[in-house]
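The structure is given below, and queries will be raised subsequently.
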2 protein chains.
Amino acid sequence: MSIDKENVSINELAQKLGLKMPTVTSMMQKLAADRLVKYEKYKPIHLTEKGKKEAGLIIRKHRLTEMFLVEVMKFGWEEVHDIAEQIEHINSPVFFKKMDEMLGFPEHDPHGSPIPDRAGNIKQAVRHPLCDFNSGESVVITGLARSEDDFLKFLNRKNIGLGTVLNILEKEEYDGSMKLKHGKKELLLSRPVCEELFAEIASGT
Amino acid sequence: MSIDKENVSINELAQKLGLKMPTVTSMMQKLAADRLVKYEKYKPIHLTEKGKKEAGLIIRKHRLTEMFLVEVMKFGWEEVHDIAEQIEHINSPVFFKKMDEMLGFPEHDPHGSPIPDRAGNIKQAVRHPLCDFNSGESVVITGLARSEDDFLKFLNRKNIGLGTVLNILEKEEYDGSMKLKHGKKELLLSRPVCEELFAEIASGT
DNA sequence: ATAAAAACTTAGATGCGTCTAATAATATAT
DNA sequence: ATATATTATTAGACGCATCTAAGTTTTTAT
Ligand SMILES: [Mn+2]
Ligand SMILES: [Mn+2]
Ligand SMILES: [Mn+2]
Ligand SMILES: [Mn+2]
């Protein structure tokens with residue numbers, strides 16, 4: 001579940017939610033009555049500012065929970081999404097406040113996505129896919145474009161996680177794959193994978 | 001929320017659940033169809049064995065959660081019930097398994113109530129109210145008959161918790177109150193309070 | 001034993017979320 | 001441009017949980 005586009009169609013929503021279109025239409029009409037969504041007949045739908053805050057508050061609970069599950073309860077980053085999907089709906093400010101404190105007020109979840117602030121605002125940083133960097137550069141992995149668990153398990157097998165430092169040895173012209181140095185080992189990542197890994201130039205030495 | 005009697009009336013259930021009687025009647029008819037409850041017109045209602053197991057599994061999640069909130073997240077025992085009331089409905093065996101492991105497979109919740117086993121069975125120990133003990137005896141507090149938070153806060157003020165050792169100095173005939181020694185201090189507890197505290201003879205020294 | 005009160009059940013109404021079928025608007029292809 | 005396909009809306013049906021009103025059974029009081 002994640003629709004990050006500004007505008008969505010009734011159709012897309014129906015698909016993702018596993019509902020029929022008329023159901024979504026009437027949902028949107030109700031959300032519009034609450035001013036959470038802008039809805040006009042036959043037009044694409046988008047969240048209002050109020051709606052974004054409201055959504056941000058749930059995303060905050062989701063991501064804090066994921067962080068808690070990984071850092072405190074020692075779950076793997078590939079295990080936490082489904083659990084957080086449920087806990088995000090718990091109504092207890094003090095519960096999430098305590099999580100936040102225990103975690104030292106983290107700004108990112110275990111997959112590198114930003115945790116919205118207490119008002120529900122998301123700080124959107126610019127993110128650079130690994131494939132945009134050049135050979136010779138040394139980069140740190142800071143985030144993921146997808147966090148489906150097959151992708152996360154793939155990264156586990158390759159020993160890649162947030163904070164992993166990679167030296168770019170070569171970029172293959174033909175298929176866009178990259179040869180990288182990871183610690184002492186060499187590693188080849190295909191183009192689609194490189195597109196789904198966000199990175200920054202490594203700061204230290 | 002807690003109805004510990006074997007048999008309940010439609011009326012009581014309606015009261016506790018904040019619903020009207022006909023609503024509860026139809027609920028009971030549905031639960032009876034699932035063999036979770038024994039229901040006959042105009043007769044008191046009780047859980048079947050299947051129903052008790054099912055209930056036990058939810059109580060297990062509730063009490064494990066309360067323990068987790070107190071031991072891991074450092075909430076006070078008076079804060080945890082309402083949060084656990086929500087988290088008990090999370091569907092994630094691995095989540096509660098992890099809690100259980102982190103806590104070292106506890107057998108009691110923070111209020112001294114037993115945690116049902118993985119099959120939903122509750123081990124019912126005999127419990128002795130403080131007022132049944134006699135002067136001269138030294139006892140440990142092992143449980144509570146009620147865990148409403150006003151009662152828990154009262155016990156906090158008196159510095160009484162699970163494991164607290166009390167020496168019974170005197171039992172007042174007239175009103176059934178008890179004079180106790182708690183560490184170096186003396187303490188007077190009224191009859192109603194003594195009835196709601198469970199205790200055992202202190203083992204040590 | 002009889003009457004009155006309380007508890008309980010049944011029948012039918014209402015609200016809500018979902019669906020299907022029919023219709024309308026918009027987008028795509030020829 | 002016109003026809004066709006896709007997307008969206010509306011109207012009305014259905015299931016489900018709840019309620020009120022009316023009638024029945026059981027309990028309590030006299
Ligand atoms: Mn997630
Ligand atoms: Mn969710
Ligand atoms: Mn509780
Ligand atoms: Mn609950």
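The sequence lines fix the lettering, A, B, ..., with proteins before strands; numbering per chain opens at 1. None of the values given here were measured: they were computed from a predicted structure. All values below come from the heavy atoms of this structure, side chains included, with hydrogens, waters and symmetry mates left out.
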Q. Is Lys43(A) touching bases, backbone alone, or none of the nucleic acid, heavy atoms closer than 4.0 Å?
A.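 Nothing, no nucleic acid heavy atom in range.
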
Q. Would you call the rings of Phe133(B) and His128(B) parallel, tilted or perpendicular if under 30° counts as parallel and over 60° as perpendicular?
A. perpendicular

**Q.** Between C1' of dC19(C) and CG of Leu19(A), the distance in whole Å
**A.**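 The distance from CG of Leu19(A) to C1' of dC19(C) comes to 10 Å, rounded to the nearest Å.
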
Q | Residue Asn11(A), side-chain heavy atoms: nucleotide from dA8(D), dA11(C), dT9(D) that is nearest | A |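 Ranking dA8(D), dA11(C), dT9(D) by closest atom to the Asn11(A) side chain puts dA8(D) first.
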
Q) Tell me: CG of Leu17(B) to C1' of dT18(D), nearest whole Å? A) 13 Å

Q) Hey, are Glu66(B) and Arg63(B) close enough for a salt bridge, meaning a charged N less than 4.0 Å from a carboxylate O? A) no

Q) What integer distance in Å separates Met21(A):CE from dT26(C):P? A) 15 Å

Q) Given dC19(D), dT25(D), dT7(D), which nucleotide is nearest the side-chain atoms of Tyr42(B)? A) dT25(D)

**Q.** dA7(C) OP1/OP2 closer than 4.0 Å to side-chain N/O of Ser9(B)
**A.** no

Q. Between dC19(D), dT9(C), dT18(C), which one does the side chain of Met27(A) approach most closely?
A. dT18(C)

Q: Starting from the 5' end of DNA chain C, give me the residue, Pro22(A) or Thr25(B), whose nearest nucleotide shows up first.
A: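 Nearest nucleotide further toward 5': that of Thr25(B).
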
Q | Atom-pair distance (CD1 on Ile10(B); C1' on dT24(D)), nearest Å | A |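 Checked: the CD1 to C1' distance equals 15 Å.
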
Q) So, do Ile10(A) and Pro44(A) sit near enough that their side-chain heavy atoms are less than 4.5 Å apart? A)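 A side-chain contact under 4.5 Å is absent here.
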
Q: State whether the number of non-hydrogen atoms from other residues, nucleotides or ligands found under 6.0 Å of Glu172(A) atom CD is greater than 12.
A: yes

(Q) Measuring to OP1 and OP2 of dC19(D), would you say a side-chain N or O of Thr23(B) lies under 4.0 angstrom away? (A)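 The answer is yes; a side-chain N or O of Thr23(B) sits under 4.0 Å from OP1 or OP2.
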
**Q.** Nucleotide dT25(D), atom P - distance to CD of Glu40(B) in whole Å
**A.** 16 Å

Q) At what distance, to the nearest 0.5 angstrom, does CG of Asp109(B) lie from CH2 of Trp77(B)? A)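 So the CG of Asp109(B) and the CH2 of Trp77(B) are separated by 10.5 Å.
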
Q. Among dT10(D), dT10(C), dT18(D), which is the nearest nucleotide to the side chain of Lys41(A)?
A.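 Nearest to the side-chain atoms of Lys41(A), counting from C-beta on, is dT10(D).
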
Q | Sugar-phosphate, base or nothing in reach of Gln29(A), heavy atoms under 4.0 Å | A |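 Sugar-phosphate only.
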
Q) How long is the line joining NZ of Lys20(B) and P of dA11(C), in whole Å? A) 21 Å

Q: For the side chain of Lys30(B), starting at C-beta, report the closest nucleotide among dC19(D), dA17(D), dA8(D).
A: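 The answer is dA17(D), which lies nearest to the side chain.
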
Q: Using atom CE of Met28(A) as one end and atom P of dG17(C) as the other, report the distance to the nearest whole Å.
A: 13 Å

